[in-house]
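As structure tokens, the structure follows; a few thoughts come after it.
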Amino acid sequence: METAHKHPNYVLIWVYLAILTAVEVAVAFMSHLPKLWLMLALIFLAVWKALLVALYFMHLKFEPRKLAILAAVPLPLAVILVLAVMSEKIF
Amino acid sequence: MTHGTANVMRPPFPAERGVGVYDMKLGMWVFLGSEVMFFTALIGTYIILRFGVTDPWAAPAAVLNVPLTAFNTFLLICSSVSMVKAFAAIADGNQKKLQFWLLMTILGGAMFVGVQIYEYAKLLGHGFTPAGLREGSELAELAAADPLKYGLATAGLYGSTFFTMTGFHGFHVTCGVICMTWVYLKARGGGYTQQDYRGVEVVGLYWHFVDLVWIILFTIVYLI
């Protein structure tokens, strides 16, 4: 017997992701923007898209808080790994 | 000695409740955590090499086919939404829709890999290889005429990091397609029910993660 559940609007998330991808490509070809601003804008858009996938498609928004923490733990480690090796260039 | 070992191995009491999800899902999330570090090592190496070298790096659009890969990114996003639709279908107990959306996901993933193979063939044909620019190739001649735009001095680093990152991602997508095919065949045999669809959810988590990694890779490798 089928019982319908309440699901997030997945198609709407897909539309957001498609629009953000188009915006990303458009931004990447704006050669008149300063390089740093271009990079920051592209990274911002990529993180936005990644969050949409993680929160809605992977359901982290609806999972127990402990699982969300477990999923987030590698992220600061990933940033530390890159920044630590980049330290020679940064400082 | 045996008595002491038994005490060490005894589980904590009272038993802890855990994170509140079933074991397969928890296992997948732990695996994905290790995958984050794996891809961080690859992407981090690329960032360090690219921004650490003093010689100019090639503009991605000069070497790579950005519009084609943007289309491939869109394909992967479509396959991610078809995967989550498969999950929603079985959560609602709809077997037909589950099978349909799983098949769409497999097709999307297979097309992504197909486009990537086509992209590799074109790049290798133009002279962009994992070892840099092939002598006498079209790209090598362009780079000789404009070494700054085509990053002549750093082409070897660019080639090795590009093919390593995108190659490992493509390998992950291929593994995902194989696993998804197995899940699809099981679904056709009625292997999932509204009461138990753990396999669909767990393979879906892997699939969305692969999509998420590509979102980051596409930005860093093709757009910046």
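Numbered from 1 within each chain, the chains take letters A, B, ... in sequence-line order.
Separation of atoms CH2 (B:Trp29) and CD (A:Glu63) is listed at 7.5 Å; rounding is to 0.5 Å. Here B:Ser80 contributes atom OG and A:Tyr10 contributes atom OH; the two are 11.0 Å apart, rounded to the nearest 0.5 Å. Rounding to the nearest 0.5 Å places CG of A:Leu45 at 11.5 Å from CD1 of B:Ile215.
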Exercise. Step by step, would you call A:Val82 with B:Thr40 a side chain to side chain contact (heavy atoms under 4.5 Å, CB included)?
Worked result: CA-CA 8 Å; A:Val82 176; B:Thr40 299; 4.0 Å; yes
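Residue contact with chain B, scored on non-hydrogen atoms closer than 4.5 Å, involves the side chain of A:Leu60 exclusively. The part of B:Thr73 that comes within reach of chain A is its side chain, from C-beta onward, which places non-hydrogen atoms under 4.5 angstrom from that chain. Within the 4.5 angstrom heavy-atom criterion, only side-chain atoms of B:Val36, from C-beta onward, approach chain A. With a 4.5 Å cut-off on non-hydrogen atoms, A:Leu17 touches chain B through its backbone and its side chain both. Only the side chain of B:Phe218 has a heavy atom closer than 4.5 Å to any heavy atom of chain A. Using a 4.5 Å cut-off between heavy atoms, B:Leu32 touches chain A through its side chain atoms alone. Only the side chain of A:Leu70 comes within contact range of chain B, with at least one heavy atom under 4.5 Å from a heavy atom of that chain.
Here the shortest heavy-atom pairing between B:Leu212 and A:Ala50 reads CD1-O, 3.6 Å.
Comparing B:Ala70, B:Ala41, B:Gly204, B:Cys78 by heavy-atom pairs within less than 4.5 Å of chain A, the highest count is held by B:Cys78. Highest contact tally toward chain A, considering only B:Val21, B:Val84, B:Thr45, B:Val19, is held by B:Val84 [criterion: heavy-atom pairs under 4.5 Å]. Between chain B and the options A:Pro8, A:Ala72, A:Pro74, A:Ala28, heavy-atom pairs under 4.5 Å are most frequent for A:Pro74. Interface summary for chain A: among B:Ile43, B:Ile216, B:Ile48, the most heavy-atom pairs under 4.5 angstrom belong to B:Ile48.
Relative orientation of the A:His7 and B:Phe87 rings is perpendicular, given thresholds of 30° and 60° on the angle between their planes.
Side chains of B:Lys85 and A:Val11 form a contact here, defined as non-hydrogen atoms less than 4.5 Å apart. Side chains of A:Leu67 and B:Leu26 form a contact here, defined as non-hydrogen atoms less than 4.5 Å apart. Between A:Ile43 and B:Ile224 the shortest side-chain heavy-atom distance falls below 4.5 Å. Counting heavy atoms from C-beta on, the side chains of A:His59 and B:Leu205 never come closer than 4.5 Å. Using a 4.5 Å heavy-atom cutoff, the side chains of B:Met83 and A:Phe57 are not in contact. No side-chain heavy atom of B:Phe71 sits under 4.5 Å from any side-chain heavy atom of A:Val25.
A 6.0 Å sphere centred on CG of B:Asp23 holds no more than 12 heavy atoms belonging to other residues, nucleotides or ligands. With a 6.0 Å radius and a threshold of 12 heavy atoms from other residues, nucleotides or ligands, A:Phe29 has its CZ atom above the threshold. Heavy atoms from other residues, nucleotides or ligands lying under 6.0 Å from CE of B:Met111 number 12 at most. Heavy-atom neighbours of B:Phe38 CZ from other residues, nucleotides or ligands within 6.0 Å: above the threshold of 12. Atom NZ of B:Lys25 is surrounded by more than 12 heavy atoms from other residues, nucleotides or ligands within 6.0 Å. Dense packing is recorded around OH of B:Tyr22, with more than 12 heavy atoms of other residues, nucleotides or ligands lying under 6.0 Å away. The number of heavy-atom neighbours closer than 6.0 Å to CZ of A:Phe44, taken from other residues, nucleotides and ligands shown, is 12 or below. Heavy atoms from other residues, nucleotides or ligands lying under 6.0 Å from CH2 of A:Trp48 number 12 at most.
The ring pair (Phe, Tyr, Trp, His ring centres under 6.0 Å) contacts involving residues 174-194 of chain B comprise nothing, where partners must be two or more places apart or lie in separate chains. For residues 33-51 of chain A, the pairs satisfying salt bridge (Lys or Arg N to Asp or Glu O under 4.0 Å) are A:Glu24-A:Lys49, with sequence neighbours left out.
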